[in-house]
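Order of the sequence lines fixes the chain letters, A, B, ..., with proteins taken first and strands second; residue numbering starts at 1 for each chain. Just the heavy atoms: all of them, side chains too, but no hydrogens, waters or symmetry mates, feed the values below.
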Amino acid sequence: MLVAITGIGLPIALSFILIPLFTSLTDVSFLTAFAAGASLSSTSLGTTFAILSAAKLTTTRLGTVLITAAMIDDVVGLVMVTVIASIGVSVDPQTIARPIWVSVVLLLVVIFGSMIAKRILNRYPLKIPKGWTDQFAFVMTGTLLMGMTAAAGYAGTSVLFSVYLAGVSATYLSQGRALECYTKYSLLSYIYRL
Amino acid sequence: MDALQYQEPSTTTLLILSFFLLALHVVAWPLDRFIACGLLGQILVGTIWGTPVTSWLDINTENVVAQLGFIGLILLVYEGV
């Protein structure tokens, strides 16, 4: 959490320092400094994941902290985009608050939903014929991903955040007896094989 | 025009596109192995093939590659790797 807040706050704070430094040269207004700081504070999720997986840091604590901070920064970046785009124009508070509360609600729904699903599936495990595990996992992963993308995209939060939550809940559900066949299916390797 | 007219791509297009895909992999592998940042090489490849530098790929192809790349990012984030 601290990493995420520092990642967002520090560039914006640093860009405000530009004002007293450069006021002798040009007129730097607060708005300009804020816009510059906000554009510099975004974290690229793709770069984070690619470098962490190449350096094999994903299972360590450092990797987890960095990934979580990147997720939070992604949601904040989404809010920043709407803020900057609507600064001169009239500001509708609904457009700014929407990604935040939709993300919080999504987090709660996924957490409680997967706990409930695990309890139910522990009682009544799904029976899948032996040879069909691969296909079943593919279809389930595909539908889950497309559903989460659609839900997040139309509800107004960040798509990558919802897909990350889906991945975490899939790992959670695949442990134990709940949904043994539903090991987290690597769609990437399947697509490469195609 | 009602439908997309099917044309076999010209030799130039085929060579440029396949060279692009191969270069992405070839540049990423040694960088990944030794300094764990194959991504930088891939970004460089994309920049060279793209609009300001050489424009070997036209703007529609660049758009499609970017969109496919976002789908790949979704899959990467899902896997958690």
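At a 4.5 Å heavy-atom cutoff, A/Ser162 makes no contact with chain B through either its backbone or its side chain. Contact of A/Val163 with chain B is made through backbone and side chain together, with heavy-atom distances under 4.5 Å.
B/Tyr78 contributes atom OH, which lies 5.5 Å from atom CG of A/Leu144 (distance to the nearest 0.5 angstrom).
Under the 4.5 Å side-chain criterion, counting only non-hydrogen atoms from C-beta, A/Phe161 is not in contact with B/Val77.
Applying the 6.0 Å contact sphere to CE of A/Met115 captures more than 12 heavy atoms from other residues, nucleotides or ligands.
Partners of B/Asp58 according to the side chain to side chain donor-acceptor pair (under 3.5 Å) rule, which considers only residues two or more places apart in sequence or in another chain, are B/Thr61.
One hydrophobic cluster, built from ILVMFWY side chains closer than 4.5 Å, holds both A/Trp101 and A/Val109.
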Would you give me the side-chain donor-acceptor pairs under 3.5 Å for residues 65-75 of chain B, sequence neighbours excluded?
none

